[in-house]
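Since the structure comes first, as structure tokens, the remarks are kept for the end.
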Number of protein chains: 2
Amino acid sequence: LLSKQPVKTTEKITIHKGEVGPVWEYPTSSLSCVVADPKKGSKLYGLKSYIEYQVTPNNTNRSVNHRYKHFDWLCERLLIKFGSAIPIPSLPDKQVAGRFEEEFIKMRMERLQSWMNRMCHHPVISNSEVFQLFITCRDEKEWKLGKRKTEKDDVVGIMIFSTMEPPAEDIGLLEAEQKVEMFSKFTKAMDDGVKELLSVGQEHWKSCAGALPKEYQKMGKAMQNLSQVFATSGYEGESILTDPLTEVGKTFEEIASIFAEQPKKDLHYLMETNQEYKGLLGCFPDIISVHKGAIEKAKEGDKLVALNKVTPQEKNTMVNRIGTMSYAFQAEMNHFHNNRIYDYNSVIQLYLQQQIEFHEMIAAKLKQALTHFTVQQ
Amino acid sequence: LLSKQPVKTTEKITIHKGEVGPVWEYPTSSLSCVVADPKKGSKLYGLKSYIEYQVTPNNTNRSVNHRYKHFDWLCERLLIKFGSAIPIPSLPDKQVAGRFEEEFIKMRMERLQSWMNRMCHHPVISNSEVFQLFITCRDEKEWKLGKRKTEKDDVVGIMIFSTMEPPAEDIGLLEAEQKVEMFSKFTKAMDDGVKELLSVGQEHWKSCAGALPKEYQKMGKAMQNLSQVFATSGYEGESILTDPLTEVGKTFEEIASIFAEQPKKDLHYLMETNQEYKGLLGCFPDIISVHKGAIEKAKEGDKLVALNKVTPQEKNTMVNRIGTMSYAFQAEMNHFHNNRIYDYNSVIQLYLQQQIEFHEMIAAKLKQALTHFTVQQ
């Protein structure tokens, strides 16, 4: 809190006063990166093989290739540099066994994409040197140099606040404390809510993709079996029952596979979004404790002045810096809320739309099956 | 097989030659009875109480009252009189505990109704004296007299075949045997098929009325909880998420109860029909063994003639009677097939129609929920 300022850095993080309160400076055009085209590569004359993903930013449209361990390095650097101010969610889990399997690569790529989306949409992160290095550097030598430079960067941890330029307006300690307290409560409650939804979603997935399709399959088979038995009756006019009954049985088998595939089309995204938020929410306790710690220190300011441990001037500097931190905190809070509202709006609407299509498709299948009955009763 | 004929009876059962083979003589207008209005009655000055059902036949439109034990008596008499030729399904189970509970009375009445329908639709049964007594007698004394007369009736068991008047056409022993064999195989296979459908239907019922509604309920609650947490964010514009999310949560709770109620509207009837057929099919082994026994006896005819145990004339009488039995058997077989095709056609169509309505209703509910989102993404 009392370190020398300004630090030698060209990176400046501006905080504006927006309608909702302090906000980061957002770029005029939104950055996005497509993670695609996973390819097996190898080095050490084929002794080591790995998967390389193509990352294409929309601003340059020139793709760079990165292995999972490059993403991992980026994530680690972002955490070191911004982790006191901005939640940096973990990457999808490292995995050794089965990491060359198609299903796994697809899933990992989807999650790297979500992670990249979140990083791209964050104005501070997407604008940082390390992130830009990652998405633009195509030259091996340049990449190595950039990495080395990044690793020597000492504007990390709480030093990041020293690069921030808040609006020229004071924030009281009490207000700063209240904001932190309020957001702390919010994130804890949201964490519980997200975990609840994940747990019931998991349970629902099992029914939808497991038990129900099996039952529809069995119903379909039972109807077809019964129809086959009926066909042996030798009774004239039997086919007015057996023909439609067989069709109904087949329809139930079709419905079984529609059921089994459905969660991948809707519940999957609801689950992934909540998983992402669970990850983000897991980053806040550290951020909150950085802020709470700084506020506690500043509150002791008067005492320290009385004990001659700090000068009144130094105490004022401390309070000012808490102001900056609080601006940063609120900017990040507002960024989080804004994204959260967008993300949940999107994913819940997607879920509903897909569920509507699903039920309409089943109704259509059943209607089709009904047309096979020639005798209406 | 060699008893004196004709028995003193006014009841004659005619068998015609129809398009599908031998058929019973069907009445021109179909009989039906409504079982309704269960009322608690009592006797012995209130010491014994019971439930009385109102039975109203469509031909007289004059209702009679009957207790379960009257139905039970009727069922027993029908079994004694016609059980060798016609399947008489059991009544719904006797039950002592909870027999005055509304749910139980409703269920029993529904099953008595199904049982009465089946009896009414059978031309031989509905035309019988005992059945007519049951549906028309309103006088206590007359009922007692009728009961006593019925219980003395000796045209029972295999004697019933002696009252039958088949077409004047011979049926060979071999043909009779083949018909029995074929139908025996059919009923065994159908019994397996029906039991399979009942078992998977039972399992499906549990999911539809048990696990799934619980899951939808939980999903709905989780969404509403999350929405409540979001509402505490203090972020401007939060309501564009919380308002629709709360509505979606409520919709999921509504869907939960739609799910829970649905099996009573469709699966229930599929199950009841199959239960009925399981009961009917359970009657056939006895009927089949009566016929097989008679055929075996007749096949021994030549041997018995050679041993002078029967005269050639008596042997011919035997073969003729097997002919009558075979006609009766085929008439009943055709009656069974005809009803089966009708019943399964009806119940499967009902099931599909109800399932279509169900899925359409859920789609409509979800569409309604979707309209609460003011921001489309």
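Quick caveat, the model's predicted, so the values are computed rather than measured.
Remark: side-chain polar atoms of Ser227(B) are paired, donor with acceptor, to backbone N or O of Thr242(B) under 3.5 angstrom.
Of the listed residues Val200(B), Leu270(B), Ile356(B), the one with more heavy-atom pairs under 4.5 angstrom with chain A than any other is Ile356(B). With chain B as the partner, the residue from Lys218(A), Lys221(A), Glu357(A), Lys185(A) showing the most heavy-atom pairs under 4.5 Å is Lys218(A). When the candidates Ser233(B), Ala189(B), Gly193(B) are compared by the number of heavy-atom contacts under 4.5 Å with chain A, Ser233(B) comes out ahead. For the options Glu19(A), Lys365(A), Glu360(A), Gln228(A), heavy-atom pairs under 4.5 Å to chain B are most numerous at Glu360(A). The residue among Glu196(B), Lys214(B), Arg340(B), Glu203(B) with the most heavy atom pairs within less than 4.5 Å of chain A is Arg340(B). When the candidates Gln355(A), Lys367(A), Met182(A), Met223(A) are compared by the number of heavy-atom contacts under 4.5 Å with chain B, Lys367(A) comes out ahead.
Two residues are said to be in side-chain contact when any heavy atoms from C-beta on lie closer than 4.5 Å; Val23(B) and His335(B) fail this criterion. Side chains of Ile255(A) and Leu366(A) form a contact here, defined as non-hydrogen atoms less than 4.5 Å apart. Annotation: side chain of Phe329(A) is in contact with side chain of Ile288(A) (closest heavy-atom distance under 4.5 Å). Counting only heavy atoms from C-beta outward, the side chains of Met333(A) and Val20(A) never approach each other to under 4.5 Å. You'll find the side chain of Phe284(A) stays beyond 4.5 Å of the side chain of Asp191(A), heavy atoms only. With contacts defined as side-chain heavy-atom distances shorter than 4.5 Å, the pair His372(B)/Thr246(B) does not qualify.
Neither the backbone nor the side chain of Asp192(B) comes within less than 4.5 Å of any heavy atom in chain A. Interface remark: Phe183(B) contributes no atoms to any contact with chain A (heavy atom separation under 4.5 Å). For chain A, the nearby part of Tyr351(B) is the side chain; its heavy atoms alone come within less than 4.5 Å. If you measure heavy-atom distances from Phe252(A) to chain B, the contacts under 4.5 Å come from the side chain alone. For Leu267(B), the part lying under 4.5 angstrom from a heavy atom of chain A is the side chain only. Contact annotation for Glu238(B): both backbone and side-chain heavy atoms come within less than 4.5 Å of a heavy atom of chain A. When heavy atoms are compared at a cutoff of 4.5 Å, Leu350(B) does not approach chain A at all. Using a 4.5 Å cut-off between heavy atoms, Phe336(B) makes no contact with chain A at all. Residue contact with chain B, scored on non-hydrogen atoms closer than 4.5 Å, is absent for Phe358(A). Using a 4.5 Å cut-off between heavy atoms, Met361(B) makes no contact with chain A at all.
Closest of all the heavy-atom pairs between Leu226(A) and Met190(B) is CD1-O, 4.1 Å.
No donor-acceptor contact under 3.5 angstrom links the side chains of Glu236(A) and His337(B), judged on distance only. Side-chain contact of Ser207(B) with Glu215(A): a donor-acceptor pair under 3.5 Å is present, judged by distance alone.
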